[in-house]
Amino acid sequence: MESSCYIGGPGVGKGTQCTRIAETFGFTHLSVGDLLRKEISSNTEYGAMILETITKGKIVASEVTVKLLKTAIESSETDRFLIDGFPRSEENRVAYEQIIGIEPEVVLFFDCNEEEMLKRVLHRNQGRVDDNVDTTMQRLKVFEAYTLPVIRYYSQKGKLHKINAIGTEDEIFERVRPIFAK
Ligand SMILES: Nc1ncnc2c1ncn2[C@@H]1O[C@H](COP(=O)(O)OP(=O)(O)OP(=O)(O)O)[C@@H](O)[C@H]1O
Ligand SMILES: O=c1ccn([C@@H]2O[C@H](COP(=O)(O)O)[C@@H](O)[C@H]2O)c(=O)[nH]1
Ligand SMILES: [Mg+2]
């Protein structure tokens with residue numbers, strides 16, 4: 001199995017770029033946020049807890065997210081994955097590595113200022129419960145407190161690619177392309 005992870009603040013453009021990377025380089029795109037939203041819309045045992053956590057901009061317990069990821073990976077016919085929006089905390093990272101049993105080959109960190117991220121979230125228009133100022137401010141705090149340590153970890157391991165996420169979608173994709181076009 002081959003995998004790469006994509007992290008960055010709210011609305012920075014992870015999903016947008018992941019879609020293009022997956023299409024261009026033949027990966028299966030797994031968005032952990034989408035897996036969680038599916039649990040809400042399917043009213044599963046975790047649905048209510050996930051809705052509350054997402055609405056507050058907090059991080060869902062690793063046991064739930066890793067379980068969802070494991071099921072998605074095991075039910076896929078491919079073995080090349082692109083994991084969008086995960087790991088969001090050191091706890092997530094350790095749980096993933098223990099349960100799935102491997103580390104991602106590369107980790108992309110999309111970097112952008114908070115003002116632009118907020119603007120992108122508020123213009124998204126997809127009816128997401130977390131696309132509002134209060135939740136986004138909370139998500140930015142969670143990102144600093146819990147996700148930055150993950151970024152530091154992968155940077156120390158030499159796996160991190162920091163991508164400047166300011167510019168057009170095409171410009172950003174051209175910054176990503178050389179990582180995979182080997
Ligand atoms: N380079 C860009 N410039 C301007 N807007 C962009 C850019 N890339 C993506 N967007 C837009 O910003 C919004 C957020 O993008 P996207 O959903 O890809 O972000 P995300 O990082 O996955 O966010 P989240 O973590 O909240 O899921 C979307 O409306 C998208 O069309
Ligand atoms: O690993 C994860 C991924 C997501 N969440 C929760 O979902 C929302 C939205 O996630 P997106 O990746 O931006 O779609 C996020 O704010 C978290 O509340 C999570 O807990 N763990
Ligand atoms: Mg997304």
Side-chain angles (χ1 to χ4, degrees), residues 3 5-23 29-41 46-73 81-97 99-100 104 107-147 149-151 163-177:
S3 69
C5 290
Y6 299 78
I7 45 191
V12 71
K14 301 177 291 296
T16 305
Q17 293 299 324
C18 282
T19 301
R20 292 186 68 158
I21 300 164
E23 279 170 6
H29 179 183
L30 296 178
S31 159
V32 177
D34 285 351
L35 293 176
L36 292 169
R37 284 182 282 273
K38 210 164 139 199
E39 291 293 295
I40 298 172
S41 58
Y46 301 123
M49 174 278 289
I50 293 170
L51 175 60
E52 190 186 344
T53 309
I54 288 182
T55 305
K56 289 181 176 165
K58 295 188 172 168
I59 300 174
V60 173
S62 302
E63 56 178 308
V64 174
T65 43
V66 175
K67 190 172 164 186
L68 295 175
L69 265 175
K70 192 168 187 274
T71 305
I73 288 169
F81 299 99
L82 186 159
I83 302 176
D84 169 4
F86 184 92
R88 275 177 140 88
S89 67
E90 277 289 278
E91 196 211 339
N92 276 175
R93 179 186 67 73
V94 171
Y96 179 80
E97 288 171 7
I99 295 166
I100 311 285
V107 176
L108 273 67
F109 162 40
F110 292 96
D111 185 37
C112 172
N113 62 71
E114 293 191 355
E115 198 187 338
E116 176 66 20
M117 287 192 266
L118 179 61
K119 203 166 91 186
R120 291 181 189 179
V121 163
L122 297 180
H123 282 94
R124 179 156 39 196
N125 226 2
Q126 288 175 3
R128 279 177 50 163
V129 290
D130 49 351
D131 279 354
N132 59 71
V133 175
D134 286 353
T135 309
T136 306
M137 297 317 282
Q138 179 59 29
R139 290 184 66 191
L140 288 167
K141 282 189 200 152
V142 166
F143 176 77
E144 260 196 46
Y146 295 96
T147 314
V150 178
I151 289 166
I163 309 291
N164 173 7
I166 295 286
T168 65
E169 292 176 20
D170 285 350
E171 284 167 345
I172 297 161
F173 185 65
E174 290 311 318
R175 293 171 196 149
V176 169
R177 189 194 290 277

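Every value quoted in this text rests on a predicted model; they were computed, and no experiment measured them. Both ligands and their constituent atoms are indexed starting at 1 by order of listing. Along the sequence shown, residues are numbered consecutively beginning with 1.
With distances taken over non-hydrogen atoms, the option nearest atom 7 (C) of ligand 1 out of Lys14, Glu169, Arg88 is Glu169. Selection from Gln17, Arg120, Arg139 by nearest heavy atom to atom 2 (C) of ligand 1 gives Arg120. Proximity annotation for atom 24 (P) of ligand 1: of Arg124, Lys119, Met117, Arg37, Arg124 comes nearest, heavy atoms only.
In terms of N/O distances under 3.5 Å, ligand 1 is approached by Arg128. Between Lys58 and ligand 2, a contact under 3.5 Å exists for at least one N or O pair. Annotation: Val121 places no N or O atom under 3.5 Å from an N or O atom of ligand 1; distance criterion only. Distances between N or O atoms of Glu116 and those of ligand 1 include no value under 3.5 Å. In terms of polar-atom proximity, defined here as any N/O pair under 3.5 Å, Thr65 makes no such contact with ligand 2. The N/O atoms of Arg37, backbone and side chain alike, include one that comes under 3.5 Å of an N/O atom in ligand 2. In terms of N/O distances under 3.5 Å, ligand 2 is not approached by Ser31. Ligand 1 has an N or O atom lying under 3.5 Å from an N or O atom of Gly167, backbone or side chain. In terms of polar-atom proximity, defined here as any N/O pair under 3.5 Å, Asp34 makes no such contact with ligand 2. Polar contact with ligand 1: absent for Pro10 (N/O pair, distance under 3.5 Å).
Of the protein's non-hydrogen atoms, Val60 N, 2.6 Å is the one closest to atom 20 (O) of ligand 2. Protein heavy atom at the shortest distance from atom 16 (P) of ligand 1 is Thr16 OG1, 3.6 Å. Closest protein heavy atom to atom 22 (O) of ligand 1: Gly15 N, 3.0 Å. Looking only at protein heavy atoms, the nearest one to atom 10 (O) of ligand 2 is Arg88 NH2, 3.6 Å. The protein heavy atom nearest to atom 1 (O) of ligand 2 is Phe86 CD1, 3.2 Å. Of the protein's non-hydrogen atoms, the one nearest atom 13 (O) of ligand 2 is Arg139 NH2, 2.8 Å. Atom 8 (C) of ligand 2 has Ile54 CG1, 3.9 Å as its closest protein atom, hydrogens excluded (heavy atom only).
Ion pairing of Asp170 with Arg177 is absent here, as no side-chain N (NZ or NE/NH1/NH2) approaches a carboxylate O to less than 4.0 Å. The existence of a salt bridge linking Glu116 and Arg120 is confirmed by a sub-4.0 Å separation between a basic side-chain nitrogen and an acidic carboxylate oxygen. Between Glu115 and Lys119 there is no salt bridge, since no side-chain N of the basic residue sits under 4.0 Å from a carboxylate O of the acidic one. Under 4.0 Å is where a charged nitrogen must lie from a carboxylate oxygen, and between Lys141 and Glu144 no such pair does.
Below 4.0 Å from some heavy atom of Val32 lie the following atoms of ligand 2, by number and element: 1 (O), 2 (C), 3 (C). Annotation for ligand 1: atoms under 4.0 Å from non-hydrogen atoms of Thr168 are 1 (N). Interface of Gly13 with ligand 1, defined as ligand atoms under 4.0 Å from a residue heavy atom, comprises 15 (O), 16 (P), 18 (O), 19 (O), 20 (P), 21 (O). Ligand 2 places these atoms under 4.0 Å from at least one heavy atom of Gly85: 1 (O), 2 (C), 3 (C). In the vicinity of Ile59, heavy-atom distances shorter than 4.0 Å reach the ligand 2 atoms 20 (O). Less than 4.0 angstrom separates some heavy atom of Asp130 from each of these atoms of ligand 2: 9 (C).
Taking OG1 of Thr65 as the start and CZ of Phe86 as the end, the distance is 4.5 Å to the nearest 0.5 Å. To the nearest 0.5 Å, atom CD1 of residue Ile54 and atom CG of residue Leu36 are 5.0 Å apart. Summarising the geometry, atom CG belonging to Leu122 is positioned 7.5 Å from atom CG belonging to Asp131; distances are rounded to the nearest 0.5 Å. Atoms CZ and CG, on Arg37 and Asp130 in that order, are 6.5 Å from each other to the nearest 0.5 Å. Atom-to-atom distance recorded for Thr16:OG1 and Lys14:NZ is 9.5 Å, nearest 0.5 angstrom.
The only option from Thr135, Val142, Val121 that meets the side-chain contact (heavy atoms from CB on, under 4.5 Å) definition with Pro10 turns out to be Val121.
The closest approach between any non-hydrogen atom of Gly11 and ligand 1 is below 4.0 Å.
Atom OH of Tyr146 sits in a sparse spot, with 12 or fewer heavy atoms from other residues, nucleotides or ligands closer than 6.0 Å. For CD of Glu97, the number of neighbouring non-hydrogen atoms (other residues, nucleotides, ligands) closer than 6.0 Å is greater than 12.
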Exercise. After noting the C-alpha distance and the side-chain angles of Val60 and Met49, does the key distance pass the side chain to side chain contact (heavy atoms under 4.5 Å, CB included) rule?
Worked result: CA-CA 8 Å; Val60 173; Met49 174 278 289; 4.2 Å; yes
Exercise. Step by step, would you call Gln17 with Tyr6 a side chain to side chain contact (heavy atoms under 4.5 Å, CB included)?
Worked result: CA-CA 9 Å; Gln17 293 299 324; Tyr6 299 78; over 6 Å; no
For this session: Evaluate the criterion side chain to side chain contact (heavy atoms under 4.5 Å, CB included) for residue pair Ile21 and Leu82; output intermediate values, then yes/no.
Result: CA-CA 8 Å; Ile21 300 164; Leu82 186 159; 3.8 Å; yes
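Within the 4.0 angstrom cut-off, atom 11 (C) of ligand 1 has no protein heavy-atom neighbours.
The part of Leu36 lying near ligand 2 is the side chain, judged by heavy-atom distances below 4.0 Å. Using a 4.0 Å cut-off between heavy atoms, Arg128 contacts ligand 2 through its side chain alone, with no backbone atom that close. Contacts between Ile172 and ligand 1, counted as non-hydrogen atom pairs separated by less than 4.0 Å, involve the side chain only.
Within the 4.5 Å cutoff, side-chain heavy atoms of Glu23 are placed close to those of Thr19. In this structure, Phe81 and Leu69 have side chains that are not in contact, with every pair of non-hydrogen atoms separated by 4.5 Å or more. Within the 4.5 Å cutoff, side-chain heavy atoms of Val32 are placed close to those of Ile83.
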